[in-house]
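So the structure is just underneath, and the comments pick up after that.
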Amino acid sequence: MAWTSKDISVRVIDKHEAVIRDVLAARFPSIRFVDSAEAASGLKVLMSFRPPEDEPLNGYDWVHAVGAGVDHLCAAIGDPERAPVITRTTGRMGEQIGEFCLGYALAYLQRMATRRALQENEDWNKEAAAPRYAFDAQVAVFGTGSIGAGISGAFRALGAEVTGYSRSGSPRQGFDHVLPVAKFGLAKSPDVLVLALPATAETEGLVDGEVLDQLNDALLINVGRGSTLDHDALQRALSKGQVSHAVLDVFEAEPLQAGDWRWSHPAVTVTPHVSGLTLPDDAANRFCELLEAYLDTGEPPVSVDIQRGY
Ligand code: GLV
């Protein structure tokens, strides 16, 4: 019965709960806000990035992720037969993460850290300080979804040539080329490799020693999930100069543990998972769009594939 109901109850779990509630209440004044599935009636909705600590997910009909990655939610689904519909928010995350990656890539190509160090030594070394350019750069992006496309857009705006890599290699808008991941390494090493992969059974450890062996003096940026990159292999690739610098925004366990080698490695930049912080109005607006479509058509939104994990 739930998916024929026009009576909607929503539990919101988020730091920006008040903003999200305000957007929802303005668009759908009859929505009832609740603090558990038990207190809900009609169509029971949860908006959250992580599963609640105090109740199971399968009490809800629909879980809208306040974020792009649904790995935490999918992992918490017990019986897939009784799984809620899961939808997610990408909003402006492609552009946000694109700016993050481009910012670090420009700092790297423009040798900003080197120039600062030269200044500290009063060293007028033009050769060491000379820039490289984004318009000359070859960029590879693993992951060709909306986030990969946003990253590609940021680099292409400055004239870089961007190749996207996906499981199938099917053409996608927003890239100069798209190839299957298995073909990575047939061309010369990219200057910048960006990882924007979801955490799934298939992507676990996908970027391993064999992939990193294809690199030569590259900047590696991981903005997807930590589990997709083999960090021991990264340590070896850094020592061999295959990776000249790594910017890591995501880790296999977060926060990154005190004392981990990545905190102090001179060629690693650690950032605390901030490349794509979901904007609360993006999460609320996306949910409103999906709810409006359901109320118009009576069709539940298309769920992410829980087995696949995205
Ligand atoms: C952040 O990592 C997200 O998945 O939204």
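Indexing begins at 1, ligand by ligand and atom by atom, following the structure's order. Positions are given from 1 along the sequence.
When each of Ile221, Asp249, Leu248 is paired with Thr271, the side-chain contact (heavy atoms from CB on, under 4.5 Å) condition holds for Asp249 and for no other.
Atom CD in Glu95 sits 9.0 Å away from atom OG1 in Thr90 (nearest 0.5 Å). Atom CE of Met47 and atom CH2 of Trp62 lie 9.0 Å apart (nearest 0.5 Å).
Atoms of ligand 1 found under 4.0 Å from any heavy atom of Gly67 (numbered from 1 in listed order, with element): 5 (O). Of all atoms in ligand 1, listed by their number and element, those nearer than 4.0 Å to a heavy atom of His273 are 1 (C), 2 (O). Using a 4.0 Å cut-off to heavy atoms of Phe49, the atoms of ligand 1 that qualify are 3 (C), 4 (O), 5 (O).
For Glu99, the CD atom sits in a loose shell: 12 or fewer heavy atoms of surrounding residues, nucleotides or ligands are nearer than 6.0 Å.
Using a distance-only test at 3.5 Å, with no hydrogens or angles considered, a donor-acceptor pair links the side chain of Thr228 to the main chain of Arg225.
On a distance-only criterion, Ala68 and ligand 1 share at least one N/O pair closer than 3.5 Å.
Considering all non-hydrogen atoms of both residues, Val139 and Phe155 come closest at CG2-CD2, 3.8 Å.
If you look at Thr278 next to ligand 1, the close heavy atoms, those under 4.0 Å, all belong to the side chain.
Within the structure, the closest approach of Arg225 to ligand 1 falls below 4.0 Å when heavy atoms are considered.
In the candidate list Ala65, Ser275, Gly69, Gly276, Gly69 is nearest to atom 4 (O) of ligand 1, counting heavy atoms.
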